Amino acid sequence: MATRVLIAGGGVAALEAALALRALAEERVSVELIGPEPHFWYRPLAVAEPFALGDVSHFELAELASTAGATFTLGALLGVDANSHEAQTSVGAVSYDVLLVACGAVPSAAVPGALTFRGPADSDKIRQLLAEIAAGAAKRVAFVVPSGAVWSLPIYELALMTAAHLAARQIEGVELTLVTPEEEPLQLFGRAGSEAARELLDERGIAVHAGSYPSEVVGGELQLVPDGRIAVDRVVALPRLKGLRLDGLPQTLDGFVPIDAQGRVRGLADVFAAGDITSFPVKQGGIAAQQADAAAEAIAASAGADLVPQPFRPVLRGLLLTGAQPRYLRHELTGGAGEDATASPEPLWWPPAKIVGRHLAPFLGAFAGVESPAEAPAGPGALAVEVELDAELDSLSARRLAPVDVDGAGRSVGEVMSVEPLVVAPEDTLGEIAEKMRARDVGSAAVADYGRLIGILTSRDLLCAFAGRVHPSEGRAREWMTAEPVTVSPQAPVEMAVTLMTEYGIHHLPVVEADRPVGMLGLRQAARAARRGPSVGLGF
Ligand SMILES: Cc1cc2nc3c(=O)[nH]c(=O)nc-3n(C[C@H](O)[C@H](O)[C@H](O)COP(=O)(O)OP(=O)(O)OC[C@H]3O[C@@H](n4cnc5c(N)ncnc54)[C@H](O)[C@@H]3O)c2cc1C
């Protein structure tokens with residue numbers, strides 16, 4: 001009998017996985033997609049829409065699915081019972097042999113007072129901004145990248161295309177600024193990518209504030225962290241992304257799902273995840289498709305297909321719309337430090353679609369009846385970038401977690417924390433853990449695998465599980481914990497811990513040394529010990 005694969009999602013990762021599974025496993029699998037939205041949206045050209053340089057396309061998912069040899073059900077994944085291989089959905093329980101979670105990420109406003117550009121839904125706001133600039137009502141406009149998990153390319157495109165739009169209409173005297181926490185513009189694309197981006201920004205007269213976190217817009221000023229402010233009339237910001245909360249899945253504080261190199265959700269049998277919902281810090285369509293391919297290969301192999309599944313090896317390919325002539329750039333970057341970049345007038349991958357999916361790009365082209373162009377589109381111009389990424393990308397997450405500065409050191413976390421924290425194993429049942437928490441009179445437990453901290457389980461998580469009628473002897477720590485939690489070292493000042501806990505809204509902070517849990521710090525405990533309130537913010 002065919003392996004029943006349920007794919008939750010109807011976006012880039014879901015479709016790429018469905019297509020890859022059909023190609024690799026053929027009739028060994030039956031594939032069902034389930035998603036709450038009947039259309040697949042091709043979002044990259046959202047940035048071009050307000051400038052009348054491109055249209056956002058959408059396709060009927062039911063039709064796409066059936067052409068891809070799958071079925072589509074309208075509904076939303078709510079939770080997973082991995083033990084009984086059952087997905088809880090808005091249309092009832094659905095049994096599966098293998099589940100692939102590809103629900104994407106949820107955008108939320110990150111910079112109070114700014115116009116948040118999430119995609120097609122916000123095209124009109126950009127059009128209105130352009131009209132205000134043309135009418136002389138906005139003379140200083142900042143385009144900003146917030147901290148956290150974002151795909152920053154669209155804000156560069158919006159800034160560059162705004163500059164090109166103004167130049168074409170001979171509108172002068174408008175100050176455009178780009179603010180980003182990256183040390184260099186488009187840092188992820190390596191030195192050559194950054195240099196090319198900076199050159200383009202300079203050419204268009206766009207000022208750059210790199211290494212700055214935009215925090216909020218107050219009284220006509222954009223506040224920056226660690227310091228500085230910019231006088232502005234309007235600010236356009238990218239959203240911060242979060243993962244949807246799903247019962248029975250390990251998720252980070254931001255709702256992202258940790259996976260291994262094959263796309264398996266860590267600690268759960270027969271559950272995979274791909275795309276923006278995973279905890280991989282780069283949220284991009286091409287990366288989502290590569291994760292989907294890795295998962296599809298593993299699923300196909302276990303369904304009996306004759307192949308050796310290859311792990312996810314992230315290669316970032318970007319096509320930057322600039323409003324000028326096309327330019328292509330390739331950059332190989334391993335371990336975060338390689339510097340062998342080249343620039344070229346030729347496309348570096350095929351077809352030169354904005355979202356690069358091995359199966360999805362040609363499929364969409366054929367479905368929409370569009371021949372893949374022999375060359376990348378001329379106007380509005382494009383900068384293509386290809387980067388091989390370090391699969392760990394620690395530098396990115398560090399940028400998100402580290403407080404930017406600590407003014408004066410008071411007591412250290414090690415002096416204040418509860419030593420000998422309650423440590424449980426990922427396999428422990430919720431019932432066992434609840435008993436231990438009661439016996440020790442603590443509200444949280446560190447979850448460690450072979451001694452290494454992988455999560456934290458709080459009394460609130462237990463409450464959520466029990467409220468969802470999970471049996472105490474069946475639910476396991478690995479399914480309900482917060483994965484990859486925020487941590488501090490014992491040497492950190494207590495003020496820093498208070499800042500982390502306040503900014504992230506958490507009450508229990510695991511203290512680690514060489515990845516091992518050595519203590520637990522409660523918010524009240526930390527706040528009492530702090531000499532004074534937090535002297536800095538995280539920039540969000
Ligand atoms: C303006 C903009 C421009 C971009 N430009 C580019 C670009 O040029 N190149 C590029 O590679 N990437 C680009 N991206 C990023 C790219 O769109 C995403 O990284 C990519 O779509 C992620 O794929 P995904 O399948 O994880 O999520 P999505 O494509 O967002 O799909 C998520 C799917 O899950 C469904 N879903 C939601 N909740 C549930 C649920 N509870 N149960 C089941 N299904 C659910 C949704 O309806 C949707 O179908 C851009 C994004 C934006 C916003």
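Note that ligands are numbered from 1 as they come in the structure, with each ligand's atoms numbered from 1 the same way. This is a predicted model, so every value here is computed, not measured. Atom set for the values below is all heavy atoms of this structure, side chains included, hydrogens, waters and symmetry mates excluded.
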Practice problem: Taking the side chain as every heavy atom from C-beta outward, state whether Leu77 and Val101 have any pair of such atoms under 4.5 Å apart. | Solution: yes
Quiz item: So, the side chain of Gln251 versus the backbone of Leu244: is there a donor-acceptor pair under 3.5 Å, distance only?
Solution: yes
Quiz prompt | Flag for Thr71-Glu32: side-chain donor and acceptor within less than 3.5 Å | solution = no
Quiz prompt | Ile34 to ligand 1, any heavy atom closer than 4.0 Å | solution = yes
Quiz prompt | For ligand 1, the portion of Leu61 having any non-hydrogen atom under 4.0 Å away | solution = neither
Quiz item: Which bit of Ala76 is near ligand 1, meaning a heavy atom under 4.0 Å away: side chain, backbone, both or neither?
Solution: both
Quiz item: Between the side chains of Glu86 and Ser84, does any donor sit under 3.5 Å from an acceptor?
Solution: no
Exercise. Record the part of Phe117 in heavy-atom contact with ligand 1 below 4.0 Å; permitted values are side chain, backbone, both and neither.
Key: side chain
Self-check item: Selected option - heavy-atom contact closest to atom 3 (C) of ligand 1, from Gly243, Gly75, Pro154, Ala273
Solution: Pro154
Exercise. With atom 32 (C) of ligand 1 as the reference point, say which of Gly286, Cys103, Gly275 has the nearest heavy atom.
Key: Cys103
Quiz item: Less than 3.5 Å between some nitrogen or oxygen of Asp276 and one of ligand 1, yes or no?
Solution: yes
Quiz prompt | Residue selection (non-hydrogen contact nearest atom 46 (C) of ligand 1) among Ala8, Pro36, Gly35 | solution = Pro36
Quiz item: Mind checking what makes side-chain hydrogen bond (donor to acceptor under 3.5 Å, both in side chains) contact with Arg358, not counting sequence neighbours?
Solution: none
Exercise. Tell me which part of Lys283 gets within contact of ligand 1: side chain, backbone, both or neither, using heavy atoms under 4.0 Å.
Key: backbone
Practice problem: Could I get the full list of ring-ring contact (aromatic ring centres under 6.0 Å, His included) partners for His165, not counting sequence neighbours? | Solution: Phe51
